[in-house]
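Report on one structure; see the data block that follows.
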Protein chains: 2
Amino acid sequence: MAAELGYVVSRTASTLASGRTLTVALITPFPGRWFFAQAIAAVESELRRNGYDALLVGLAQPADGHREVFEPETLRGRADAVVVLTVPLTGHELDGLRRLGLPTVFVGASVAGAMSVRIDDVAVGRTATEHLLQLGHTRIAHVGGDPNELLNFTARADRRAGWMAALRHSGIEPDPAYDVSGMFTAEGGRAAGERLLSLPDPPTAVFAGSDEMAYGVLAAARDRSLRVPEDLSVVGVDGHDLADLVGLTTVEQPVDRQGALAAQLALAAAGGQQARHQEHVVMPVRLVLRRTAATLGS
Amino acid sequence: MAAELGYVVSRTASTLASGRTLTVALITPFPGRWFFAQAIAAVESELRRNGYDALLVGLAQPADGHREVFEPETLRGRADAVVVLTVPLTGHELDGLRRLGLPTVFVGASVAGAMSVRIDDVAVGRTATEHLLQLGHTRIAHVGGDPNELLNFTARADRRAGWMAALRHSGIEPDPAYDVSGMFTAEGGRAAGERLLSLPDPPTAVFAGSDEMAYGVLAAARDRSLRVPEDLSVVGVDGHDLADLVGLTTVEQPVDRQGALAAQLALAAAGGQQARHQEHVVMPVRLVLRRTAATLGS
DNA sequence: CTGTTAGCGCTTTCAC
DNA sequence: GTGAAAGCGCTAACAG
């Protein structure tokens, strides 16, 4: 009553008494990279709208390789649910979460025994590649992230599989020389692009596994004074902030909606709704036509 | 002893008993934008290295204007310190933090009564503009963020002031038509660039208040078939991921180091080190020469 | 249905 | 020094 004068319940005390933390842990590598930053913003916003807090847990990956291991025990009594952004947790880590009884929802991949929100990455690769095939290209390369980067989860492999499937469906056997990997960044894309364009028989089109890699491929083309799309067509994946500005044709994914939905699933599970515990949602992607892909020589 | 088999202290209980939360609140607008995403990553990483948690508090700003108000009471007993990313808190909000006894460190601006880590934004504007002057330009425009966007704090005004000061120092009176504002984004920069380039007497050089705005200006130039840097020189601010790829000449700021230092100051203050309570750190910036700025017609 | 009481799992203080 | 006891501010279970 009179407590209107600035009383706020102590979350700490009520947590200790009830066991409910009103907090969701958000596990993410690279909080600074575009995809993760967008997803973090979306998840945090949705949690906050519902009175929950977002506990950010970054999982550093040193340049030399293996990422930091995540200690689920660390979360005991500190979160009601966990949202995992595109990190392939080990069996041990998953078991730990299960043992703590923390509902977990993955964004970017589906994992048995946990909820997930993702896109169909095979379809992504197929969509991009089919578009290039329809434009008349046959020498179509794939630029993917570093397969050793544990963080890449299934996205890289699936997008690549879609690329292969589309080519084979058109009776084209994917050329191993046209399948290159680098970092999942613009610099990685540039290096991959340079490799491809210096081949004796270079591709006329490139499907890049992310928009940032596509930017790198575009830079590599510019370095060689190749015109885009006349000499080289490029298709990316994501719907990055700058894609429109650059005129990049890309397979756009709804990052914000994936993040918001992941948060909602986490909240529902935290609220004890067992029904949704096994939910797997696949969101649609859409090909956005811009200026980097066209028929050869057009 | 035998508790080696998976015992972790309950943070909740120890918080309740001791009053120490081992958590730092990170208040930020737009967690998805480049600068903020980088800073969040740096702060979180530094906190984690020291056993502290990062509680992410997003402050949404609806498109129609005023941002969400931040309720300091909300943080009572939930954080030991606060890091504020580039949000100009109101006097009320600051008082609230002070009343709660929460040490606060600002990133991107200095505020009386709180610690801060920032760059010298006036120097940023001056450095960029002087570089363009030295290249022989005299018609130098400024593209800044939306002055109504509360979130812009002092950075926008200071960078603009540096631009003016440099011009006047060279005996050039800043032309109001050369001083345009938009969103602090690539699209905003593009709109501003279009406005500038459609002037009867367009500028030959542009100082953009952020790299993302600079990308927009570059796009506007390309739309008009202007060559960069032959017809138009552009200098940005930040050291954005893609600046190197694009060849953007820019005044680079150490975002990671600002974030890490802010976290360290917050930790020190949380640990009760009154000595640093009033610390204000200004970090150096550096002009990185690339391909978007040159002498006219070169 | 309202009022009371026993903890939640620690930290810290105070005896011993 | 080591060990017991008193809370931290709530929630939930229990009486009344």
Side-chain angles (χ1 to χ4, degrees), chain A residues 1-25 27 47-57 70-82 95-104 266-275 277, chain B residues 1-25 27 47-57 70-82 95-104 266-274:
Chain A
M1 305 289 159
E4 289 165 334
L5 308 157
Y7 167 82
V8 186
V9 295
S10 158
R11 199 103 137 199
T12 312
S14 79
T15 291
L16 186 56
S18 72
R20 220 178 308 110
T21 64
L22 295 182
T23 297
V24 170
I27 300 179
L47 292 178
R48 181 155 309 282
R49 289 197 329 104
N50 289 278
Y52 271 67
D53 278 335
L55 179 65
L56 194 59
V57 180
F70 159 62
E71 268 312 331
E73 281 300 324
T74 283
L75 254 38
R76 174 195 290 287
R78 317 227 290 115
D80 298 333
V82 179
D95 284 349
L97 286 175
R98 213 162 295 145
R99 211 170 302 126
L100 291 176
L102 285 179
T104 305
L267 290 172
Q273 309 201 8
Q274 293 289 332
H277 250 66
Chain B
M1 305 291 156
E4 288 165 333
L5 308 155
Y7 167 83
V8 185
V9 294
S10 158
R11 199 102 138 201
T12 312
S14 79
T15 290
L16 186 57
S18 71
R20 221 177 308 110
T21 65
L22 296 182
T23 298
V24 170
I27 300 180
L47 292 178
R48 181 154 309 281
R49 288 197 330 103
N50 289 277
Y52 272 67
D53 278 335
L55 180 64
L56 193 60
V57 180
F70 160 62
E71 269 310 334
E73 281 301 325
T74 283
L75 254 38
R76 173 197 290 290
R78 316 226 290 115
D80 299 333
V82 179
D95 285 349
L97 286 175
R98 212 161 296 143
R99 211 169 302 126
L100 290 176
L102 286 179
T104 305
L267 290 172
Q273 309 202 7
Q274 293 290 331

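Each chain gets a letter, A, B and so on, in the order its sequence line appears, and its residues count up from 1. Everything numeric in this text was worked out from a predicted model, so none of it was measured.
A:R48 contributes a side-chain N or O that, together with a main-chain N or O of B:L56, makes up a donor-acceptor pair within less than 3.5 Å. Judged by distance alone, with hydrogens and angles left aside, the side-chain atoms of A:R11 form a donor-acceptor pair with the main-chain N or O of A:L22 at under 3.5 Å.
Taking atom CG on B:L16 and atom C1' on C:dT12, their separation rounds to 13 Å, with Å as the unit. In this structure, B:R76 places its CZ atom 10 Å from P of D:dG9, rounding to the nearest Å.
For B:A13, the listed nucleotide lying nearest its side chain is C:dC10; candidates were C:dC10, D:dG9, D:dT11.
Within 6.0 Å of CZ in A:R98 there are more than 12 heavy atoms belonging to other residues, nucleotides or ligands.
Taking a 4.0 Å limit (strictly below) on heavy-atom distances, residues 18-25 of chain A does not reach DNA chain C anywhere.
Comparing the axis of the opening five pairs of the helix from C:dC1-D:dG16 to C:dC16-D:dG1 with that of the closing five pairs yields an angle of 50°, rounded to 10°.
A:L75 contributes atom CG, which lies 6.0 Å from atom CD1 of A:I27 (distance to the nearest 0.5 angstrom). In this structure, A:L55 CG and A:D53 CG are separated by 8.5 Å, a value rounded to the nearest 0.5 Å. Taking CZ of A:R78 as the reference point, atom CG of A:L100 lies at 11.5 Å (rounded to 0.5 Å). Rounding to the nearest 0.5 Å places CZ of A:R76 at 9.5 Å from CZ of A:R99.
Evaluated for a side chain to side chain contact (heavy atoms under 4.5 Å, CB included) with B:Y52, the options B:T21, B:T23, B:L267 yield exactly one hit, B:L267.
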